[in-house]
> 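The structure's right below; bear with me while I get my questions together.
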Amino acid sequence: MCQVFISADPALYACRARSVRLHGVATSIRLENLFWQVLEEIAARDGMSVPQLCARLHDELLAERGSVDNFASFLRVCCGRYMALQLSGGIPQDMSIPIRSLNPTRVLATERQPARPGQRPQQAA
């Protein structure tokens with residue numbers, strides 16, 4: 001089982017810091033290269049740079065939640081959800097379709113619901 005995971009290119013889990021501007025303040029975000037690659041893909045779909053995407057996600061998270069506690073972890077979760085939503089069909093794999101053009105309610109309806117202890121994971125109806 002582990003061979004599937006341990007055979008990953010070490011460059012994918014090497015960390016890299018990038019500088020982005022959040023509310024006019026330059027800040028450094030440190031993520032593994034795999035996550036930077038996924039963020040590049042997400043940003044490209046909507047004609048943005050990664051720093052622009054990060055700033056937009058930060059601003060929208062701040063507006064929704066009132067604070068941003070661990071932005072690097074939030075970005076990792078965004079990447080995981082993006083990939084899971086592609087697998088579930090909520091986000092088309094066709095890179096020419098911008099994410100901003102998708103209906104969020106329809107996308108999120110495809111998201112798998114987390115399993116409770118002792119339960120098998122189920123897909124949302």
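Values below: all heavy atoms of this structure, side chains included; hydrogens, waters and symmetry mates excluded.
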> Find the distance between CE (Met83) and CZ (Phe35) and round it off to the nearest 0.5 Å.
6.5 Å
> Scan residues 91-110 for pairs that pass salt bridge (Lys or Arg N to Asp or Glu O under 4.0 Å), counting only residues two or more places apart or in two chains.
Asp46-Arg100
> Output the distance between atom CD1 (Ile91) and atom CD1 (Ile42), rounded to the nearest 0.5 Å.
7.0 Å
> Let me see the working for Leu75 and Phe71 under side-chain contact (heavy atoms from CB on, under 4.5 Å), right down to the final yes or no.
CA-CA 6 Å; Leu75 291 174; Phe71 192 57; 3.7 Å; yes
> Only distances under 3.5 Å count here; give the side-chain donor-acceptor pairs of residues 50-62 to other protein atoms, sequence neighbours excluded, each with its distance to 0.1 Å.
unit_1 : atom_1 : unit_2 : atom_2 : d
Gln52  : OE1    : Ser49  : N      : 2.8
Gln52  : OE1    : Ser49  : OG     : 3.3
Arg56  : NE     : Glu60  : OE2    : 2.9
Asp59  : OD1    : His23  : NE2    : 3.0

> Can you list, pair by pair, the side-chain donor-acceptor contacts under 3.5 Å of residues 8-19, counting residues two or more places apart and other chains?
unit_1 : atom_1 : unit_2 : atom_2 : d
Asp9   : OD1    : Ala11  : N      : 3.0
Arg16  : NE     : Asn33  : OD1    : 2.9
Arg18  : NH1    : Glu40  : OE2    : 3.0

> Let me see the working for Phe74 and Val68 under side-chain contact (heavy atoms from CB on, under 4.5 Å), right down to the final yes or no.
CA-CA 9 Å; Phe74 172 76; Val68 179; 5.9 Å; no
> Which atom pair, heavy atoms only, marks the closest approach of Leu31 to Ala72?
CD2-O, 3.6 Å
> Do you know the tightest heavy-atom contact between Arg81 and Leu108?
NH2-CD2, 3.5 Å
> Looking at every non-hydrogen atom in both residues, tell me the closest pair between Arg30 and Arg76 and how far apart they are.
O-NH2, 3.4 Å
> Please find the pair of heavy atoms, one from Pro98 and one from Ser101, that lie closest to each other, and give the distance.
O-OG, 2.6 Å
> Taking side chain as C-beta onward, heavy atoms only, is Leu34 less than 4.5 Å from Cys79?
no
> Compare every heavy atom of Ser88 with every heavy atom of Thr110, then report the nearest pair and how far apart it is.
OG1-OG, 2.9 Å
> First locate atom CG of Leu22, then atom CD1 of Ile29, and finally report the distance between them rounded to the nearest 0.5 Å.
5.5 Å
